[in-house]
Asker: 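Mind looking over this structure? Questions follow.
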Number of protein chains: 2
Amino acid sequence: MKAPRTNSREKILAAAADVAREAGPGNLSLDAVASRAGVSKGGLLYNFPTKAKLMQGLVEEYLREFEQALEDARSTSPSAENLLSTYIRLAARECRDMETSASWIFSALAEDPDFLTPIKLFRRQLFERLKAETPDLRALLVTYLAIEGLRSMNLFGFDPLADDERQLLVDSLLKMAEADNAVPLEKLDA
Amino acid sequence: MKAPRTNSREKILAAAADVAREAGPGNLSLDAVASRAGVSKGGLLYNFPTKAKLMQGLVEEYLREFEQALEDARSTSPSAENLLSTYIRLAARECRDMETSASWIFSALAEDPDFLTPIKLFRRQLFERLKAETPDLRALLVTYLAIEGLRSMNLFGFDPLADDERQLLVDSLLKMAEADNAVPLEKLDA
DNA sequence: TTGACAAGACCGTCCAGACGGTACAGTAAG
DNA sequence: CTTACTGTACCGTCTGGACGGTCTTGTCAA
C-alpha cells in the first residue's frame, strides 16, 4: 500500500508544475499533465481523484519542501545567526536558482483562490515567529518585505536586478538583520 | 463617430475587474462580464472584439491610471521631495485603499502570461528612472523591493501587517529614501 | 423641413471545441 | 487476490466567438 510500483505521485506533481509553466497558468489540463508525466489519464485520476486534489498536493509538497529547507538551513548555519538572517539567505538563494520558480501557484490561484490559504497561514506563522525572535521591529519589517518583493518579482518573472545589485541588496538586508542587537532605532529616531 | 451613446468601454472594464475579483481569476467569462456591465454579449464583443483585447484594455487602462497618479503625486508634493519618496508614498496609499487591488492581473496572467509584458516594461523603465535619480543605490534597492513586497502581499491578499506596523514600515522607508543625500553608506560599511 | 441613407452601437442566438470527470475492461507484478 | 495502474469510450457543461438582425444618430441632398 505504501509501495507504488514507480513513484507516480512525484512524477505527476513535477509534470503539473512543468505544464503550468509551459502552457500558461490557465491551460493546466489533466490530459496534458497525464501525458507529460508518462501516465494515462486513468492513472492520474487514480492518484489524484480530482483536479482540486492535484492542486492541493502541489501546495502541500511546496510547503513541506520549504519547511524542510528552512530546517536544514537553520541547522547548518552557525548557531549565532538569528532566524531572520537564515530566512533572508534561504530566500535569496531560492530566488537566484529560479528553476524552482513556483509559477504553478498561478494555476492553483486561477482554479480557486482558496488553495492559497494554507500558504497564507504558513506565512503568517513564519512572520509571527520572526517577530517574536527579532527585537528590532523596523529591521524586520523592512527586510521581510524586501525579500517578499524579491520573491514576488521572481515569481512574476520580472527581476530588473543585475547580479551585483541583488548581491548588494542581500548584503544590506543581512546587515540590517544582524544588527538587531545594536538597537539601531536611535540612529533613525534622532 | 467618437460619441458612444453611453461610455460602455469603461463600464465593461470595471465590470471585468469586478468579475475577476468575485468569480476568481480563472472564471472570467465574457458572459459574466457582459451581464455585469449591463451590456449584451454582442455589445461586449463590439467594444472588445476578442477576450485578448479585453485583457489588453485592462492592462492599458491600469498603466495609464498609474502613470497619471504618479504624475499627479509628483506635481502635488513639495518640489524638494525626490521621486523615490513620492513613489513610496503613492504605493503605500494605494495598498492601504485596497479597493483598487488589481487582482484581475491574475486573470490576464491565466489567459496568457504575455499580457504582463507591458507592465514589466513599464516597471523596468520606472526602476531605471529611480536608479538615475537616486544617489544611494542601497537605499533604492531596499526600499523599492520592500514596497514591491507590500504590493505583492496586497495583491495576494496576504498582509499580516497591522496598521501601525505598516505605518512604521512606510516611515522607515521614507527615512531611508529621504536620506539619500546624507550618504548613509558609511554607517553600514563601518 | 424632410426624407433617404449610411454608420455606429448593440442584442440574441447558435455552435464547435475543450475540459473535467466517469465507467469499465484489461493487465502485470507481488 | 490485491494493488496499481493502462486504455478507451463517453457524457455534460461551459465558453469564446461568429453571425445576423435591430435601433439610434448623424449627414446631406432636394
Side-chain angles (χ1 to χ4, degrees), chain A residues 1-59 104 106-115, chain B residues 1-59 104 106-115:
Chain A
M1 41 185 69
K2 273 313 179 80
R5 203 163 350 167
T6 71
N7 197 337
S8 300
R9 278 188 68 98
E10 290 178 11
K11 280 201 303 182
I12 290 173
L13 256 13
D18 286 351
V19 171
R21 183 163 19 83
E22 288 167 17
N27 299 332
L28 184 74
S29 70
L30 295 186
D31 293 276
V33 173
S35 84
R36 176 77 183 221
V39 158
S40 74
K41 193 176 174 180
L44 169 63
L45 270 314
Y46 178 83
N47 285 278
F48 299 95
T50 171
K51 198 179 185 180
K53 294 281 184 189
L54 213 202
M55 298 303 180
Q56 194 183 322
L58 236 18
V59 171
W104 55 263
F106 293 127
S107 294
L109 189 60
E111 208 67 33
D112 185 348
D114 291 343
F115 284 125
Chain B
M1 39 186 71
K2 273 313 180 77
R5 209 160 347 167
T6 71
N7 196 337
S8 300
R9 279 187 68 98
E10 289 177 13
K11 281 201 304 185
I12 291 173
L13 255 12
D18 287 350
V19 172
R21 181 163 21 83
E22 288 167 18
N27 299 332
L28 184 73
S29 71
L30 296 186
D31 291 278
V33 173
S35 84
R36 177 75 182 224
V39 155
S40 79
K41 194 173 176 182
L44 170 63
L45 268 315
Y46 178 83
N47 285 276
F48 298 95
T50 169
K51 198 179 186 181
K53 293 283 183 186
L54 213 203
M55 298 303 180
Q56 194 182 322
L58 235 20
V59 171
W104 54 263
F106 293 128
S107 296
L109 189 59
E111 208 67 33
D112 184 349
D114 290 343
F115 285 126

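Every chain is numbered from 1 and lettered A, B, ... according to where its sequence line falls, protein lines coming before strand lines.
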Asker: If you check the B:Lys41 side chain, which of C:dC11, D:dG16, D:dC5 turns out closest?
Answerer: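 Selected nucleotide (nearest to the side chain): D:dG16.
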Asker: Quick one: B:Leu44 CG to D:dG17 P, roughly how many Å, whole number?
Answerer: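 My rounded result for the distance is 10 Å.
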Asker: Mapping A:Ser40 and B:Asn27 to their closest nucleotides on DNA chain D, which lands nearer the 5' end?
Answerer: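 Going by which nucleotide is closer to the 5' end, it is A:Ser40.
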Asker: So, for B:Gly57 and B:Leu13, which heavy atoms are closest and what is the spacing to 0.1 Å?
Answerer: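 Shortest heavy-atom separation between B:Gly57 and B:Leu13 comes out as C-CD1, 4.2 Å.
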Asker: Could you give the CG-to-P distance, from A:Asp31 to C:dA18, as a whole number of Å?
Answerer: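 Taking atom P of C:dA18 as the reference, CG of A:Asp31 is at 11 Å.
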Asker: Minimum heavy-atom separation for B:Phe48 and B:Arg9, please, with both atom names.
Answerer: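 Between these two residues, the closest heavy atoms are CE2-NH2, 3.5 Å.
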Asker: Atom NZ of A:Lys11 to atom C1' of D:dA4: distance rounded to whole Å?
Answerer: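 Those two atoms, NZ and C1', are 13 Å apart.
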Asker: Considering all heavy atoms of both residues, which atom of A:Ala108 and which atom of A:Phe115 are nearest to each other, and what is their separation?
Answerer: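 It is O-CD1, 3.5 Å.
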Asker: Rounded to whole angstrom units, what separation is found between the CG atom of A:Leu45 and the P atom of C:dC24?
Answerer: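 Rounded to the whole Å, the gap is 15 Å.
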Asker: Expressed as a whole number of angstroms, how long is the span from A:Ile12:CD1 to D:dC5:C1'?
Answerer: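 These atoms are roughly 10 Å apart.
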Asker: Base, sugar-phosphate, or nothing: which does B:Leu54 touch, judged by heavy atoms less than 4.0 Å apart?
Answerer: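 Here B:Leu54 touches no strand at all.
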Asker: Are A:Tyr46 and D:dC5 close enough that a side-chain N or O sits under 4.0 Å from OP1 or OP2?
Answerer: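 So the side-chain polar atoms of A:Tyr46 never come under 4.0 Å of the phosphate oxygens OP1 or OP2 of D:dC5.
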Asker: Quick one: is B:Asn47 getting a side-chain N or O under 4.0 Å of the C:dC10 phosphate, OP1 or OP2?
Answerer: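 Yes.
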Asker: To the side chain of A:Leu30, which of C:dG20, C:dC10, C:dT22 is closest?
Answerer: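 Selected nucleotide (nearest to the side chain): C:dG20.
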Asker: Report, as yes or no, whether the 6.0 Å neighbourhood of atom CD on A:Glu10 holds more than 12 heavy atoms from other residues, nucleotides or ligands.
Answerer: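 Counting other residues, nucleotides and ligands, CD of A:Glu10 stays at 12 neighbours or fewer.
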Asker: Closest nucleotide of DNA chain C for A:Gly42 versus for A:Ser29: which of these residues is on the 5' side?
Answerer: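 It is A:Ser29, whose closest nucleotide lies nearer the 5' terminus.
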Asker: Measure from CG on A:Leu28 to P on C:dA18 and round the result to the nearest Å.
Answerer: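 So the CG-P distance, A:Leu28 to C:dA18, works out to 17 Å.
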Asker: Could you give the NZ-to-C1' distance, from B:Lys53 to D:dA18, as a whole number of Å?
Answerer: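 Taking atom C1' of D:dA18 as the reference, NZ of B:Lys53 is at 17 Å.
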Asker: Can you tell me if A:Ser40 uses its side chain to pair, donor with acceptor, with the backbone of A:Gly43 under 3.5 Å?
Answerer: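 Here the side-chain-to-backbone pair exists.
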